[in-house]
Amino acid sequence: MTAPTAPTSADLPRAYDPATVEGRIYQTWLNRGYFTPEIDSEKQPYVIIMPPPNVTGELHLGHALTAAIEDALVRWRRMRGDAALWLPGKDHAGIATQWVVERLLAAEGTNRHALGREGFQERVWEWVGRYGNTIDQQHQRLGTSCDWSRLRFTLDSGPAKAVRATFVNLYHKGLIYRHERIINWCPRCATALSDLEVEYQEQDGKLYYIHYPLAAADEHITVATTRPESMLGDTGVAVHPDDSRYAHLVGRQVILPIGERPIPIVGDAAIEPEFGTGALKVTPGHDVTDFEIGERHGLEIINVIGFDGNMTDAAGKYAGQERFATRRAVAAELDARGLLEKVEDYRHSVGHCQRCDSVVEPLISLQWFLKVGSHREPDSIAGRAHAAVAQGDINIVPERFSRVYLNWLENIRDWCISRQLWWGHRIPVWYCEGSTGCGEVIVAVEDPARCPACSAERLRQDEDVLDTWFSSGLWPHSTLGWPDATEDLAYFYPTAVMETGYDILFFWVARMIMLGIENTGQPPFRTVYLHGLIRDAKGAKMSKTRGNTLDPLDLIERYGADALRFALSTGTAPGNDLRITEGKLESARNFANKVWNAARFVITILAEPAQEPQIGQGDLAGWSYLPNLEHREDRWIVSRLEQATAGVNQSLADFELGEAQQKLYDFIWNDFCDWYIEMAKVRLRADANSAATTAGPSPRPVLAHVLERTLRLLHPFMPFITEEIWQNLVSRLPKEGDLPGSIMMAPYPQADAARHDRRAESEISLVMQTVRAVRNTRAQLRIPANRQLEVLLEADGLSGAMEEEADVIRALSRVAPLRITAGVPEGSTTGRGVVTLLVNPLVVRLPMEGVVDLAAERQRLQEELDDCRRELERKEKLVNNPNFRAKARPGVVEMEEERLRSLQEQQQRLGEILEQLGG
RNA sequence: GGGCGGUUAGCUCAGUGGUUAGAGCGCCUCGUUCACACCGAGGAGGCCGGAGGUUCAAAUCCUCCAUCGCCCACCA
């Protein structure tokens with residue numbers, strides 16, 4: 001077994017320096033293949049498929065958060081012995097990538113049409129080749145233990161085959177169909193968009209009231225619209241059938257004031273009589289509601305706005321003009337002709353392209369759709385995806401998102417899956433253009449060579465590509481080999497956890513569930529863990545345009561990868577947004593440094609020739625190699641460690657990563673560093689002086705043991721520093737048997753209730769409280785730290801135990817002499833300048849003649865007694881309440897009674913002390 | 001128009017029925033001697049947004065209100 005090339009000297013740097021550690025350690029892990037799990041039927045597979053970042057993307061804090069959480073889960077389960085697979089990938093991100101490259105072309109003064117489809121694709125591939133693995137390298141800087149040997153790209157042949165197979169299957173089932181329908185169109189991107197890709201934004205606009213004259217009467221009806229230009233495509237006016245104002249007009253005709261076409265007035269219940277004038281101009285070609293009204297009444301459809309955002313020939317004299325210019329022009333013309341009754345300011349929401357922010361134009365177009373059906377049909381795509389969550393086959397964390405998900409599926413419409421882009425999975429449909437004119441449509445996984453109907457070789461493939469989310473929706477099974485029956489697919493599918501941001505619950509998670517069940521018959525994962533969005537210090541969304549982004553790479557350089565990871569996932573709950581600040585990063589870095597220095601201390605101690613630590617390597621999974629714990633302090637820290645171990649494992653099982661980290665932070669900083677190490681120093685010094693005979697067993701093995709365990713517990717959250725220290729530590733321990741070459745392959749510590757020691761905890765707690773009481777008094781009376789105080793400790797039945805801890809109490813509270821008695825000590829009750837502190841059942845007395853004033857001391861104790869009485873009364877009321885005794889959960893009554901007894905005792909003792917003071 | 005979330009110490013946030021509500025940062029006082037000033041010791045600071053209700057017991061569950069934010073929806 002060879003250790004990574006860690007420094008072997010005990011002179012570790014005073015401060016942890018991530019830069020000198022991280023790259024070296026990551027390379028070692030990579031070289032040894034630790035990230036690639038073995039397919040082993042004896043082991044339980046644990047799989048997380050990483051949300052694939054955009055291939056041309058740069059790592060941002062959202063990626064870093066995803067990585068921190070997923071890596072922690074995967075490392076934890078790997079250490080627990082599972083065959084843990086974390087599969088990384090990248091997404092071709094059709095519209096996003098095309099947009100980036102188009103902007104590049106624009107800067108060069110050209111465009112994709114000048115290059116042609118193939119030329120453009122070449123440019124994109126070139127771009128991908130140049131920048132495509134940037135984000136992988138950036139992920140590695142974070143310490144991600146994902147299996148790079150299984151890295152997948154959505155356009156790889158495997159996933160591409162999965163896309164085609166899915167399309168072909170669904171087509172033959174009649175679930176994918178082509179239809180002319182009103183869809184969301186982005187004129188800038190020149191493509192159709194799904195409903196999800198439209199972002200509605202509140203905008204200030206105008207509401208125009210326009211007179212439409214009746215055909216056969218000197219009368220008009222006034223309609224209100226925000227988009228006057230769309231009137232050029234009007235084919236009707238609609239009013240509510242029960243609206244008495246217009247009842248006489250239904251069935252008659254008006255003349256469109258521009259274009260001079262006669263159009264009918266219809267009655268339709270979709271009309272809101274309260275809105276505007278209660279009369280709606282109907283433009284079936286450019287409005288979804290109007291399209292539906294038009295369908296009900298057989299109204300004609302006229303497209304007046306084209307795919308480029310300019311008016312079509314159908315717009316008559318406005319043909320070729322830009323749509324918003326036309327809006328102004330039409331309004332002006334109507335006004336000039338006295339047909340514009342009024343214009344009101346109006347705030348309304350307008351759909352924008354998610355990618356380029358252009359105003360989306362609803363228009364009629366021939367597109368491919370996926371028929372998802374209704375959640376009420378148990379065999380439909382929507383129905384099965386709904387049931388998977390409703391029945392609990394898939395568990396969403398936090399739970400509240402289940403309802404959001406179900407609600408979305410309950411209102412879902414067919415999914416427009418075709419895009420008029422050049423970058424993506426081309427739709428596997430070919431049309432026969434042979435001379436026979438057979439009109440055959442070929443839908444196939446493999447490119448067809450000739451028409452199966454007429455054998456013609458002139459085939460034209462459908463021009464469109466698929467929505468990126470279509471291929472993303474297959475990701476959990478397509479990455480594992482589907483549609484082929486691969487070993488990976490059999491062993492690793494379905495996966496365990498899908499971890500991602502709640503912002504892509506519909507886009508991605510829901511689609512994976514729909515298509516995963518459709519293709520494999522099984523939900524693609526058991527748990528969906530949704531994290532929140534990262535915000536800046538002021539709570540604003542991070543975005544490049546806002547200029548408030550923090551670069552994770554920069555943060556890694558300044559604070560270290562471990563600190564960044566810790567800062568991102570500590571102090572947060574699942575699904576909650578989190579603000580990231582430099583302060584949090586500093587805290588995390590300071591914590592890393594604390595761990596580093598505690599380890600430096602322990603390693604230095606172990607390097608001393610004093611005595612061989614009684615610690616072996618035999619059984620890293622259990623506790624057996626630790627010698628009998630003869631010293632109370634040793635039993636105490638091991639008991640605390642036991643509880644931390646149980647708590648961390650439980651929190652991880654519950655996906656409460658922030659809590660797990662908090663528990664480790666508290667244990668390491670408070671219990672281990674502030675108390676145990678400080679206590680251990682007392683024994684170590686006595687040992688060094690070798691004069692003392694009371695030193696007891698050496699704390700070295702326990703220091704080593706607790707540190708070693710703690711490092712393993714912390715490893716999933718701070719992989720680099722724990723590995724670096726662990727290598728240093730274990731090289732100083734006697735080696736027996738096999739030791740894994742890396743902490744990441746060492747077993748994760750499991751709780752063992754036998755190590756819990758109630759008595760040691762309560763006794764050490766009294767020691768700590770006593771020390772604190774003395775320190776507190778010293779600070780309050782402004783007694784210099786270097787001045788030793790005399791203390792009389794009345795220890796009741798605990799005098800033996802306290803005698804054993806006397807050195808520690810003396811050292812940590814700077815007390816000398818310290819006299820410990822079972823009963824009230826001589827000469828302490830005269831009341832002359834003695835500060836008396838109750839650490840129930842201990843009484844701590846500090847004779848300090850001339851420093852304290854007797855009256856003040858009596859008053860302080862009296863206040864303490866009053867507080868005690870008040871609480872005692874409350875507690876008595878509670879414990880004596882028959883309802884409480886009858887209804888409280890088991891154990892609660894006993895707990896409260898225990899507390900009551902303790903309060904009674906405290907009250908009595910305070911009373912006695914006051915009496916002794918002559919109060 | 002529906003739905004969800006937040007409102008807890010000066011700031012950022014944990015804490016979903018059971019001791020006298022916690023952490024980090026900030027603040028105040030003290031301490032540079034042997035792991036760490038990226039440190040140690042001590043301290044101040046909160047009627048848990050408001051009002052009702054349920055319960056032996058509420059920051060925690062229910063209702064209403066206020067306020068901030070988010071999501072969904074075909075109001076022209």
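Each chain gets a letter, A, B and so on, in the order its sequence line appears, and its residues count up from 1.
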Student: Return the set of residues passing salt bridge (charged side-chain N to carboxylate O under 4.0 Å, His left out) with A:Arg558 (not counting sequence neighbours), or none when no residue passes.
Tutor: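 Partners of A:Arg558 under the salt bridge (charged side-chain N to carboxylate O under 4.0 Å, His left out) test: A:Asp554, A:Glu582.
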
Student: Without decimals, in angstroms, what is the distance between A:Asp268 CG and B:rC74 C1'?
Tutor: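 One finds 12 Å between C1' of B:rC74 and CG of A:Asp268, rounded.
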
Student: Report the residues that fulfil side chain to side chain contact (heavy atoms under 4.5 Å, CB included) with A:Ala644, sequence neighbours left out, ordered by chain and then residue number.
Tutor: A:Phe667

Student: Assign each of A:Glu656 and A:Gln662 to its nearest nucleotide of RNA chain B by heavy atoms, then name whichever residue's nucleotide is nearer the 5' end.
Tutor: A:Glu656

Student: Given the P atoms of B:rC61 and B:rC68, what is the spacing between them in whole Å?
Tutor: 23 Å

Student: Would you call the rings of A:Tyr16 and A:Trp596 parallel, tilted or perpendicular, taking 30° and 60° as the class edges?
Tutor: tilted

Student: Taking atom P of B:rU12 as reference, at what distance in whole Å does atom CG of A:Leu585 sit?
Tutor: 17 Å

Student: So what does A:Arg870 touch, heavy atoms closer than 4.0 Å: a base, only the sugar-phosphate, or nothing?
Tutor: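 No contact at all - A:Arg870 keeps every heavy atom at 4.0 Å or more from the nucleic acid.
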
Student: Would you kindly give the OH-to-P distance between A:Tyr346 and B:rC75, to the nearest whole Å?
Tutor: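 Taking OH of A:Tyr346 and P of B:rC75, I get 9 Å after rounding.
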
Student: Which letter, B, S or -, goes with each nucleotide of nucleotides 68-73 of chain B from 5' to 3', with contact meaning a protein heavy atom under 4.0 Å?
Tutor: ----S-

Student: Using OP1 and OP2 only, check whether a side-chain N or O of A:Lys875 sits under 4.0 Å from B:rU20.
Tutor: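 Yes, because at least one side-chain N or O of A:Lys875 sits under 4.0 Å from OP1 or OP2 of B:rU20.
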
Student: Looking at A:Glu898 and A:Arg901, is any side-chain nitrogen of the basic one under 4.0 Å from a carboxylate oxygen of the acidic one?
Tutor: yes

Student: Looking only at atom C1', what distance separates B:rU19 and B:rA57, rounded to whole Å?
Tutor: 13 Å

Student: Any salt bridge between A:Asp536 and A:Arg579, counting N to O under 4.0 Å?
Tutor: no

Student: Using whole Å, report how far NZ of A:Lys877 lies from P of B:rU19.
Tutor: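 Spelled out: NZ on A:Lys877 to P on B:rU19 is 18 Å.
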
Student: The criterion is salt bridge (charged side-chain N to carboxylate O under 4.0 Å, His left out); which residues satisfy it with A:Lys594, sequence neighbours excluded?
Tutor: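 For A:Lys594, no residue satisfies salt bridge (charged side-chain N to carboxylate O under 4.0 Å, His left out) once neighbours in sequence are set aside.
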
Student: Considering only atom C1', compute the distance from B:rC27 to B:rG18 and round it to an integer number of Å.
Tutor: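 Roughly 34 Å separates the two C1' atoms.
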
Student: Within residues 894-906 of chain A, find the residues that approach RNA chain B with a heavy atom at under 4.0 Å, and present them sorted by residue number.
Tutor: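 Hits under 4.0 Å, by residue number: A:Met895, A:Arg899.
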
Student: Provide the distance between the two C1' atoms, one in B:rU32 and one in B:rU16, to the nearest whole Å.
Tutor: 46 Å

Student: Can you pull the salt bridge (charged side-chain N to carboxylate O under 4.0 Å, His left out) pairs that have at least one residue in residues 661-679 of chain A, sequence neighbours excluded?
Tutor: A:Arg640-A:Asp671, A:Glu659-A:Lys663, A:Glu678-A:Lys681

Student: Quote, to the nearest angstrom, the P distance that separates B:rC28 from B:rU54.
Tutor: 48 Å

Student: When the ring planes of A:Phe672 and A:Tyr676 are compared, do they come out parallel, tilted or perpendicular, using 30° and 60° as the limits?
Tutor: parallel

Student: Give me the stems containing RNA chain B, sorted by first residue, counting only three or more consecutive Watson-Crick or G-U pairs with both distances under 3.5 Å; say none if there aren't any.
Tutor: B:1-7 with B:66-72, B:10-13 with B:22-25, B:27-31 with B:39-43, B:49-53 with B:61-65

Student: For A:Asn840, which residues count as a side chain to side chain contact (heavy atoms under 4.5 Å, CB included) partner, sequence neighbours excluded?
Tutor: A:Leu838, A:Ser902, A:Glu905, A:Gln906, A:Arg909

Student: Go along nucleotides 35-45 of chain B 5' to 3' and tag each nucleotide: B for a protein heavy atom under 4.0 Å from its base, S when only backbone or sugar atoms are that close, - otherwise.
Tutor: BBSBSSSSS--

Student: Can you sort out the partners of A:Glu202 under salt bridge (charged side-chain N to carboxylate O under 4.0 Å, His left out), two or more places apart, ordered by chain and number?
Tutor: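 Only A:Arg347 meet the salt bridge (charged side-chain N to carboxylate O under 4.0 Å, His left out) criterion with A:Glu202.
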
Student: Measure from CD1 on A:Ile534 to C1' on B:rC13 and round the result to the nearest Å.
Tutor: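 It works out to 15 Å between those atoms.
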
Student: Would you mind classifying the nucleic acid contact of A:Arg403 as base, sugar-phosphate or nothing, using non-hydrogen atoms under 4.0 angstrom?
Tutor: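 Sugar-phosphate contact only.
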
Student: Expressed as a whole number of angstroms, how long is the span from A:Asn184:CG to B:rC74:P?
Tutor: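 One finds 9 Å between P of B:rC74 and CG of A:Asn184, rounded.
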
Student: With heavy-atom distances below 4.5 Å as the criterion, would you say the side chains of A:Trp675 and A:Leu812 are in contact?
Tutor: yes

Student: Roughly how many Å is it from CZ in A:Arg889 to C1' in B:rA58, rounded to a whole number?
Tutor: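 Going from CZ in A:Arg889 over to C1' in B:rA58 covers 14 Å.
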
Student: Quick check: do A:Pro228 and A:Lys206 have side-chain heavy atoms less than 4.5 Å from each other?
Tutor: no

Student: Listing request: all salt bridge (charged side-chain N to carboxylate O under 4.0 Å, His left out) pairs with a residue in residues 286-296 of chain A, at least two apart in sequence or in separate chains.
Tutor: A:Asp268-A:Arg296, A:Glu292-A:Arg413

Student: Does A:Ile271 reach a base, just sugar-phosphate, or nothing at all? Heavy atoms under 4.0 Å.
Tutor: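 Base, at least one base atom sits under 4.0 Å.
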
Student: Under 3.5 Å, is there any donor-acceptor pair linking the side chain of A:Arg814 to the base of B:rU33?
Tutor: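 Answer is yes: a donor-acceptor pair is held.
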
Student: Please work out if A:Ala224 contacts a base, only the sugar-phosphate, or nothing of the nucleic acid, heavy-atom cut-off 4.0 Å.
Tutor: base

Student: When we call it a touch if two heavy atoms are under 4.0 Å apart, what does A:Thr226 touch: a base, just sugar-phosphate, or nothing?
Tutor: sugar-phosphate

Student: Side chains of A:Ser230 and A:Lys281: do they bring a donor and an acceptor to under 3.5 Å?
Tutor: yes

Student: Begin with the C-alpha distance, continue with both residues' side-chain angles, and end with the deciding distance and a verdict on side chain to side chain contact (heavy atoms under 4.5 Å, CB included) for A:Ile721 and A:Phe566.
Tutor: CA-CA 12 Å; A:Ile721 191 173; A:Phe566 203 82; over 6 Å; no

Student: Contact between A:Met768 and A:Val771 at the side-chain level, heavy atoms closer than 4.5 Å - yes or no?
Tutor: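 No; the side chains remain at least 4.5 Å from each other.
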
Student: Could you go step by step and tell me if A:His240 and A:Tyr246 meet the side chain to side chain contact (heavy atoms under 4.5 Å, CB included) rule?
Tutor: CA-CA 8 Å; A:His240 196 277; A:Tyr246 301 119; over 6 Å; no

Student: Taking atom P in both B:rU20 and B:rA59, what distance in whole Å separates the two?
Tutor: 11 Å

Student: Within the sub-3.5 Å range, which N or O atoms of nucleotides 5-8 of chain B have a protein N or O partner, and how far apart are they?
Tutor:
none

Student: Shortest non-hydrogen contact from A:Tyr212 to A:Asp234?
Tutor: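 Looking at all heavy atoms of both residues, the closest pair is OH-OD2, 2.6 Å.
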
Student: How far, in whole Å, is B:rA41 from B:rG46 if one measures between their P atoms?
Tutor: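 Going atom to atom, P in each nucleotide, I get 24 Å.
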
Student: Could you work out the separation of B:rG17 and B:rA44 based on their C1' atoms and round it to a whole Å?
Tutor: 31 Å

Student: How many Å lie between CZ on A:Arg347 and C1' on B:rA76, as a whole number?
Tutor: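 Checked: the CZ to C1' distance equals 18 Å.
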
